[in-house]
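Both backbone and side-chain heavy atoms feed into the values below; hydrogens, waters and symmetry mates do not.
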Protein chains: 2
Amino acid sequence: MSDDDLEQALALQGRISAFVRAFGLHQPDRTPCGTPVPTSEAHAVGELDRDGPLTQSVLGERLRLEKSTVSRLVSQLTARGWVQRAERAGDARLVWLELTSEGRRAAGELAVARAARFADLLRNIPAEQRPAVIAALTTLVHAANRQPSAAAVSGAAGG
Amino acid sequence: MSDDDLEQALALQGRISAFVRAFGLHQPDRTPCGTPVPTSEAHAVGELDRDGPLTQSVLGERLRLEKSTVSRLVSQLTARGWVQRAERAGDARLVWLELTSEGRRAAGELAVARAARFADLLRNIPAEQRPAVIAALTTLVHAANRQPSAAAVSGAAGG
DNA sequence: ACCAATTGGTTCGATCGTACAACCATGCAT
DNA sequence: ATGCATGGTTGTACGATCGAACCAATTGGT
């Protein structure tokens, strides 16, 4: 690793860490909508709203969570009345997840609240820089997805 | 909010959310170094290593944490032998925090491990795009810091 | 000089987010 | 059939964080 690389790595680390803190991503609960919705539930609902019925394992892949975590998460969502566990002809092991109508309504509200929050963030970025910021994040996501053990070696923003 | 703004907000939200998942930031524990160090402890040690002795409340401001959270965090670090709570002439309420020599050693190791992880990430970004990515993140951090209730309305990456 | 409000910390209780291991059921392949 | 792989559930443990209640030292007014 050259000195230049090291410097860039340190810069990257500092920025990401700072953003996580500044944007409040280190606080797990709370979401800005009527009923407070835990973050993880919001993520799951968003995924189901966007990509139709999914099996639990697929949802887990999307969210990068262990199957046990997903199982519990789904239980909470069904308790809340937002998700239904269903079966389908075919593989009897699979649990299919779909939003209830109530769940779709909630997903919509959450999407609006979320968009508002991010719109606020954008408002603090000069308009001409916005596309560049979004492009850079896209690059970053691709890079992260290419990392070998992204999930396994995790947590390093702070460590 | 114009359609264009909305579109950008949605893009931003999606990218950030994707990055958090892809890079594994949603998993609180684990850091890639000898002894597994919880993320929050690593952050705190890094801060103390960089900016000398701090009081607890200042550390809390830096990390954007409640004083109760900081108190516990510091207890864990002293139990680990990395931090010393000290007093100083002057305001007797203040608790000054400083790294022990063991703590400084650990901070160094953590920094190395962290840099390696981020260097990996950089390796997956074309060299010519790296400065742009870092610049974009800088912009993003500034924007987040300008947000009114960053801490209060938090958690919205998923909600 | 005194008392009230403020500030820095600690402790308690709660919730969220997640992983790993052990386990069961179903399905698939030899 | 038998044995391995896959999808889920439950139990256990930890990490991260907050708010409220509380105490001690300080500071500002009157």
Integer-rounded Å distance: C:dG9 P and B:Arg88 CZ = 12 Å

Checking all strands, does A:Leu65 fall into the base, sugar-phosphate, or nothing category for heavy-atom contacts under 4.0 angstrom?
-> sugar-phosphate

Within the 6.0 Å centroid threshold, strictly below: A:Phe23 and A:Phe118 = yes

With a non-hydrogen cut-off below 4.0 angstrom, is A:Thr55 in contact with a base, only sugar-phosphate, or nothing?
-> sugar-phosphate

Closest-nucleotide ordering on DNA chain C, the 5'-leading residue of A:Asp91 and A:Gln76 | A:Gln76

Taking only the side-chain nitrogens and oxygens of B:Ser57, find out if one of them lies under 4.0 Å from OP1 or OP2 of C:dG9.
-> yes

Taking only side-chain nitrogens and oxygens of A:Arg85, does any of them come within less than 4.0 Å of OP1 or OP2 of D:dT9?
-> yes

Nearest to side-chain heavy atoms of A:Ala92, which nucleotide of D:dA24, C:dT10, C:dG27 = C:dG27

Of the candidates D:dA16, C:dT26, D:dT9, the side chain of A:Lys67 sits closest to D:dT9

Is the phosphate of D:dT9, meaning OP1 or OP2, less than 4.0 Å from a side-chain N or O of A:Gln56?
-> yes

When you check the gap from the basic side-chain N to the acidic O, do B:Asp120 and B:Arg117 get nearer than 4.0 Å?
-> no

Please evaluate the base of D:dT26 for a donor-acceptor partner in the side chain of B:Arg93 within a cut-off of under 3.5 Å?
-> no

Would you mind reading off the distance between A:Leu25 atom CG and D:dA16 atom P, rounded to a whole angstrom?
-> 15 Å

Report the distance from atom CD of A:Glu41 to atom P of C:dC16, rounded to the nearest whole Å.
-> 7 Å

What is the distance from CG of B:Leu94 to P of C:dT6, rounded to the nearest Å?
-> 19 Å

So, is A:Gln27 close to the C:dT15 phosphate, meaning a side-chain N or O under 4.0 Å from OP1 or OP2?
-> no

Mind calculating the distance between CD (B:Glu66) and C1' (D:dG15) to the nearest angstrom?
-> 18 Å

To the nearest 0.5 angstrom, please state how far the CD atom of B:Glu41 sits from the CG atom of B:Leu110.
-> 10.0 Å

Whole-Å distance separating the CZ atom of A:Arg80 from the C1' atom of C:dT15 = 12 Å

When all nucleic acid strands are considered with a 4.0 Å heavy-atom cut-off, which category describes A:Ser68: base, sugar-phosphate, or nothing?
-> base

Correct closest heavy-atom pair for A:Ile125 and B:Ala143 would be CG1-CB, 3.5 Å

B:Leu73 CG to C:dT11 P: how many Å, rounded?
-> 14 Å

For atom CD of B:Glu102, is the number of surrounding heavy atoms from other residues, nucleotides or ligands below 6.0 Å larger than 12?
-> yes

Using only side-chain N and O atoms of A:Ser40, determine if any of them is under 4.0 Å from OP1 or OP2 of C:dG17.
-> yes

So, is A:Thr69 close to the C:dA19 phosphate, meaning a side-chain N or O under 4.0 Å from OP1 or OP2?
-> yes

B:Gln129, B:Arg15, B:Arg130 screened by side chain to side chain donor-acceptor pair (under 3.5 Å) with A:Thr139, the one that passes | B:Gln129

Answer yes or no: does a side-chain N or O of A:Arg21 lie under 4.0 Å from OP1 or OP2 of D:dT17?
-> yes

Assess whether one donor atom and one acceptor atom, taken from the side chain of B:Arg72 and the base of C:dG13, lie less than 3.5 Å apart.
-> yes

Have a look at B:Gly60 and say if it touches a base, only the backbone sugar-phosphate, or nothing, with a 4.0 Å heavy-atom cut-off.
-> nothing

Interatomic distance where CD belongs to B:Glu87 and P belongs to C:dG8 [whole Å] | 16 Å

